[in-house]
Structures are given as structure tokens and as C-alpha cells.
Number of protein chains: 2
Amino acid sequence: MATGRTHRPATRSRGIPEATVARLPLYLRALTALSERSVPTVSSEELATAAGVNSAKLRKDFSYLGSYGTRGVGYDVEYLVYQISRELGLTQDWPVVIVGIGNLGAALANYGGFASRGFRVAALIDADPAMAGKPVAGIPVQHTDELEKIITDNGVSIGVIATPAGAAQQVCDRLVAAGITSILNFAPTVLSVPDGVDVRKVDLSIELQILAFHEQRKAGEEVGAPEEAAGAAGAVPPPPVTPHRAPSGASGAPGTDSGRQGPDGDVPAVMPA
Amino acid sequence: MATGRTHRPATRSRGIPEATVARLPLYLRALTALSERSVPTVSSEELATAAGVNSAKLRKDFSYLGSYGTRGVGYDVEYLVYQISRELGLTQDWPVVIVGIGNLGAALANYGGFASRGFRVAALIDADPAMAGKPVAGIPVQHTDELEKIITDNGVSIGVIATPAGAAQQVCDRLVAAGITSILNFAPTVLSVPDGVDVRKVDLSIELQILAFHEQRKAGEEVGAPEEAAGAAGAVPPPPVTPHRAPSGASGAPGTDSGRQGPDGDVPAVMPA
DNA sequence: AGGTGTGAATTCTTTCACAGCG
DNA sequence: CGCTGTGAAAGAATTCACACCT
């Protein structure tokens, strides 16, 4: 994998499945809600419903953490909140830096859920000199030149990249060089990082495309024409093995979006892979 | 659901694994970049690297779509771009509505990558009357009252929820009632929807928590204290089976979620720049 | 009774490794 | 030869279903 290796020597049997780790925050959120309502205990069934999973999965997940429930009763909400928080490392404070204070970066900076879970925006960084000093969400934006110093001084280990795609890898490299070991990438690019650095990505475009896939399927099946959708007509346009031609012409393929370079605040994307 | 058994390897398989579907957008992006650089063909190895996966996985993924490569040569970039686009349903235009035009909603509306892939922001909707008429990203915001009409009139089937958590389910219900069948949820809540409706969620907080988990593990392992239980930090604080009492006292469990925002005070966030 | 905790069975993914076509 | 396409093996993740504790 070019993007951060998830391969871990599993030095210990204490290994919690990745799929389980990804669900812990979900349980935590549901538990927090129950806690606020002063609910003392929950059964796996109730909690599972609140978290949007099935009870068997939830119990199995919890079994990796330990036996924190009481048979015949359920789980103690407060206790479980604590255990999961600890397991996720939320009992400590994580300073975070956000690089790229555009529309998205600003939205992230203003995101309340940030502080509510042990994360603290330690700094906002942007390459635009005009942004420097300007406060966003109450925090003054600092120039990229300060990046290394900011990270070092604040002992930041988690960085959020919200820059245009074209600048992402470069920013990533600097973050890593400065000591960051976990990155949340919002830029539509594959980041390559050295071993030991984790990268998680969030991409609106990808999510929408996945939805479109299913949406398209629904439409086709609804019509009762399971045979490769409308394709029937002029489908299967381009020759399968001919040298190389663009699908152009043919059917109603919309002007094949050949430029994903979004104007409007977007940026130069092209970058040496 | 009409489960079309995956019998023989018909050129068009009904069942493309979900994991594969989730990667198609990644391949598409890499291919688009190659296309822009006028690269005619790519080997599975090259494309895999560009997409951040390994070649075996990529070839297997493509095998579900059909045999679009040429042995000894590789894949025709343009041809593959077309095939994947078609498979993802991007050869058609998908009108999308964004509900909740706060910081995040505005950022999403301004996101260039939107239009570049067959998606078109058909409307921006917000519950705040003061927002009505005000243009965001060149599109006038409409009031929630118009929601149903907007969706019906524009034949929208994909909705993006960027409202506070407290309003999400309600908005979701209305979207679904109005005909939406695919939802991208940015609100930190589990949405319940009827069968047939797809929901994908994006949650900044969850991603950060997952990173924190790994980050914490790195730190511990680095110290050379792999044995978890080793009461590393403050030891195993609260009793495991005692009635039910918060982790309170003991150790330094930081005010867990001190200053937790009000009910629906926070909004999620996410998306690429 | 009422639920948890979990081995076992099942299903989904990833990885191997190699036959075979261009 | 080089590289794709793929059965088959290996590894996760999910689901079953039930023994077992309170």
C-alpha cells in the first residue's frame, strides 16, 4: 500500500480488529447520548440499535476490549464510556493542526465536535500570506512557513490536510518531516507516506460516486430491465481491444468530464504522481 | 432484494463486491490524471501505485467489470475511464441537493469536484429564513419549506445532509418522503431510513478518533511498554464489575467530555478541497 | 428469565501464483 | 517475454446460536 501501511507486527494478542476500532467511536457517541440522559445501563440490543449495528456485532466488538458487561443486565453506560474512551486514547488531549484554511478548512475549524472529544485545534495554517493573522473560529491563521515550528512547539502528532489537491503531498511531506504521524486527508489525492504514518482520507467525491453506483442499480432494476441498463441501445460503445480511442461520441455520455479541476477556489491539481 | 445470483462470469456481473465499488472512484481519479497527461496505456502495476493499492487487488477488481485489458500491454486509459464511469453511473447527470448551509454546507457547495463528476448541485436548502435568497457559491439558498417541491421538480435522488445533528433525522425523513433514495450524511448521527435507501456517512470526529487510537498505540509501543494492561498510564482505574459509578476519581481521566457542546450544537464536517 | 461472551460457521476480501494470450 | 485474468488459498469480518452467569 502506498498509503500508510496498516501492517502491524501484531506484537501482541491485544490486537483489536480494525473493523472494530472503526466502530468504537460510534458506540461512544451513542453511549455519550445515553449518559447525558442519565441512563444507567443498556443492553447490547439497545445500544446496537442506537449505534446502527446489530447486537451480535456489538457484543463481539466489546469482547475484544474485555468483559465489561453484566450478564442478565447489560452494560454500565458510564463505565463503558470510560473504557472505550481510554481504548481510543481519548483520555488524553490531542493537539491538531489544520492546514489549508479555505472553505473546508474554515468549516473544520468551526466544527464543534472537535473539542468535544479530546481534540484541540492547536493551529490553523495556510499558504496565503493574506490569511496570516486573520482569525478563523477564534484562532489566528499562521503562515505555512511556521509549520515546522508550530508542530514541534506544540507537540502535535495529528494533522488535517484541507488544501487543494495539488498542494497536499507537499504539505504532507512537511508535516511528516516535522513529526506528524497521523494524517486526516481531505484533499482528493493519494498521499504517500513512510511506514509508521497513518493516513485516513475523506473524499466527498468518492462517497457520491459510490452512492451513484447504487442509485444507478436501483433505477435499472426498478425498470425490470436488468440487462445492462439503457446500454442496450448504443451501449458498449468503444471497441474493447482496439488500439486506443476515447469513448467520446456515441451515446449520451455527458461531455466526459475531462477536467476535474474545479475552478472557484479550487486549484491547480495536476501534480507529479 | 432481487438477488441476482452471481452465476457464471457473464461479461456483466450483477454482483460487484462492495469493496471493489468503493475503490472504483479511486481508480477513476488516477486514470483521469493519466488521461490529462495523455498517457495512452497503463499496467496494473502503475495504475495500482497511482491509486494507492496493490496490483493484484486492482486486477481482481477489474476482473469483476470485465476483461478490459490487453495481456502483455496493460489497460487503455481512455477506454477504462469510460468503462468505470459507466459502471459507476457517472455517464449521466445526478442532481444533488445540499441541506444545511452552514460552514460545512457552504464549503460543500463551493467544492469544485462536485460538478466535475456528473454531479450537479441542484439546490441549497436551509431552515434559516434569513438565509433564503442569499446566494452561496452562486446558488440562491432556498428555505426548507420548499424541500419537497425542489426535489420533485428537479427529480433529485441524492441528498446531502450538512445540518446540525439534532435536525438530521428530521431532514432525512423529509428527503426520503420526497423521493430521495441516496443520502450522504455529514451530521454526527445514525440515520434510520427505510429499505431501499442508501446512506453513507462522513464524520470528522470518528476519523480523528480512529487516528487517535493508532496514535496512542504507536506511543505506547515506542516506549517499549507493549504489554497494554501494564497499567501503563494511570492503571486500570474503575473497578470492572462494581455496581455503576463513573470512572470519576482515580487516575487522571481528564474531564472526559468536559464542556460537551449542547444537544445539537455540533456539526460534522468533511470533504476534499 | 434475561443477557453477555464466544466458539463455530458463514460470508466477504485480499493475496498468491500461474496459465495463457498478445 | 510481459502482463492480464483468475482459480485457489489465506485472512478478515460478520453472523449464528448457545453455554453460562446474575
Side-chain angles (χ1 to χ4, degrees), chain A residues 1-3 5-10 13 15-24 26-27 39-49 51-77 79-80 83 239-244, chain B residues 1 3 5-24 26-27 31 40-49 51-77 79-80 83 210 240-244:
Chain A
M1 297 166 189
T3 308
R5 281 196 81 191
T6 315
H7 182 185
R8 202 153 283 293
S13 55
I16 297 177
E18 193 53 39
T20 292
V21 172
R23 279 188 295 268
L24 292 182
L26 229 51
Y27 302 142
V39 176
T41 61
V42 258
S43 65
S44 61
E45 195 64 63
E46 302 170 310
L47 183 54
T49 299
V53 303
N54 69 32
S55 61
K57 191 183 291 181
L58 177 147
R59 286 203 302 282
K60 176 63 93 180
D61 282 342
F62 285 0
S63 78
Y64 291 117
L65 306 184
S67 295
Y68 298 147
T70 303
R71 299 178 191 231
V73 179
Y75 303 89
D76 177 277
V77 175
Y79 183 54
L80 203 45
Q83 289 301 338
V241 192
T242 18
H244 59 75
Chain B
M1 331 150 177
T3 308
R5 260 293 163 191
T6 309
H7 273 314
R8 36 78 185 72
T11 311
R12 279 292 133 29
S13 169
R14 249 100 262 247
I16 295 177
E18 193 53 39
T20 294
V21 172
R23 280 188 294 267
L24 293 182
L26 229 51
Y27 301 143
L31 285 164
T41 60
V42 257
S43 64
S44 61
E45 195 64 64
E46 301 171 308
L47 183 53
T49 299
V53 302
N54 69 33
S55 62
K57 189 183 292 180
L58 178 147
R59 287 203 301 283
K60 176 62 96 180
D61 282 341
F62 284 0
S63 78
Y64 292 117
L65 306 183
S67 294
Y68 298 146
T70 303
R71 296 174 193 239
V73 179
Y75 302 90
D76 178 275
V77 175
Y79 183 55
L80 203 45
Q83 290 300 340
I210 295 173
V241 194
T242 14
H244 59 74

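Naming: A, B, ... by sequence-line order, numbering from 1 per chain.
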(message) Output the rounded distance in Å from OH (B/Tyr64) to P (D/dT4).
(response) 17 Å
(message) Between C1' on D/dT15 and CG on A/Asp61, what's the gap in Å once rounded to a whole number?
(response) 12 Å
(message) Need one value for A/Glu45: base, sugar-phosphate or nothing, where a base atom within 4.0 Å counts as base even if backbone is also close, heavy atoms only.
(response) nothing
(request) Can you figure out which of D/dT4, C/dG5, D/dT6 approaches the side chain of B/Ser63 most closely? (result) D/dT6
(message) Any non-hydrogen side-chain atom of A/Tyr79 less than 4.5 Å from a side-chain atom of A/Tyr68?
(response) yes
(request) Check whether any side-chain heavy atom of A/Leu65 lies under 4.5 Å from a side-chain heavy atom of A/Tyr27, and answer yes or no. (result) no
(message) Holding to side-chain hydrogen bond (donor to acceptor under 3.5 Å, both in side chains), I want the full list of residues that pass it with B/Ser63, two or more places apart in sequence or in another chain.
(response) none
(message) Does any part of the side chain of A/Val53, heavy atoms only, come nearer than 4.5 Å to the side chain of A/Arg23, both counted from C-beta?
(response) yes
(request) Just compare D/dA13, C/dG5, D/dT14 and give me whichever is closest to any side-chain atom of A/Lys60. (result) D/dT14
(request) Over all heavy atoms of both residues, which pair between A/Asn54 and A/Ala48 is shortest? Give the atoms and the distance, please. (result) C-CB, 3.7 Å
(request) Grab the CD1-P distance between A/Ile16 and D/dA13 for me, whole Å please. (result) 12 Å
(request) Mind calculating the distance between CG (B/Leu24) and C1' (C/dT13) to the nearest angstrom? (result) 15 Å
(message) Categorize B/Tyr75 for me: base, sugar-phosphate, or nothing, with a 4.0 angstrom heavy-atom threshold over every strand shown.
(response) sugar-phosphate
(message) Output one letter per nucleotide in nucleotides 17-22 of chain D: B when a protein non-hydrogen atom lies under 4.0 Å from the base, S when only the sugar-phosphate is that close, - when neither is.
(response) B-BBBS
(request) Return the value, rounded to whole Å, for the distance between atom CG of A/Leu80 and atom P of C/dT4. (result) 11 Å
(message) Rounded to whole Å, how long is the line connecting atom CZ of A/Phe62 with atom C1' of C/dG3?
(response) 14 Å
(request) Respond yes when some side-chain nitrogen or oxygen of B/Ser44 is under 4.0 Å from OP1 or OP2 of D/dT4, and no when none is. (result) yes
(request) Answer yes or no: is there a side-chain heavy-atom contact under 4.5 Å between B/Phe62 and B/Leu80? (result) yes
(request) Quick one: pull up CG in B/Leu26 and CG in B/Leu47 and give me the separation to the nearest 0.5 Å. (result) 9.5 Å
(request) Check whether any side-chain N or O of A/Asn54 sits under 4.0 Å from OP1 or OP2 of D/dT15, and answer yes or no. (result) yes
(message) Between C1' on D/dC3 and CG on B/Leu47, what's the gap in Å once rounded to a whole number?
(response) 14 Å
(message) Checking contacts here: which listed nucleotide (D/dT14, D/dG5, C/dT14) is nearest the side-chain heavy atoms of A/Lys57?
(response) D/dT14
(message) Just the rounded figure in Å: distance from C1' of C/dT6 to OH of A/Tyr68.
(response) 17 Å
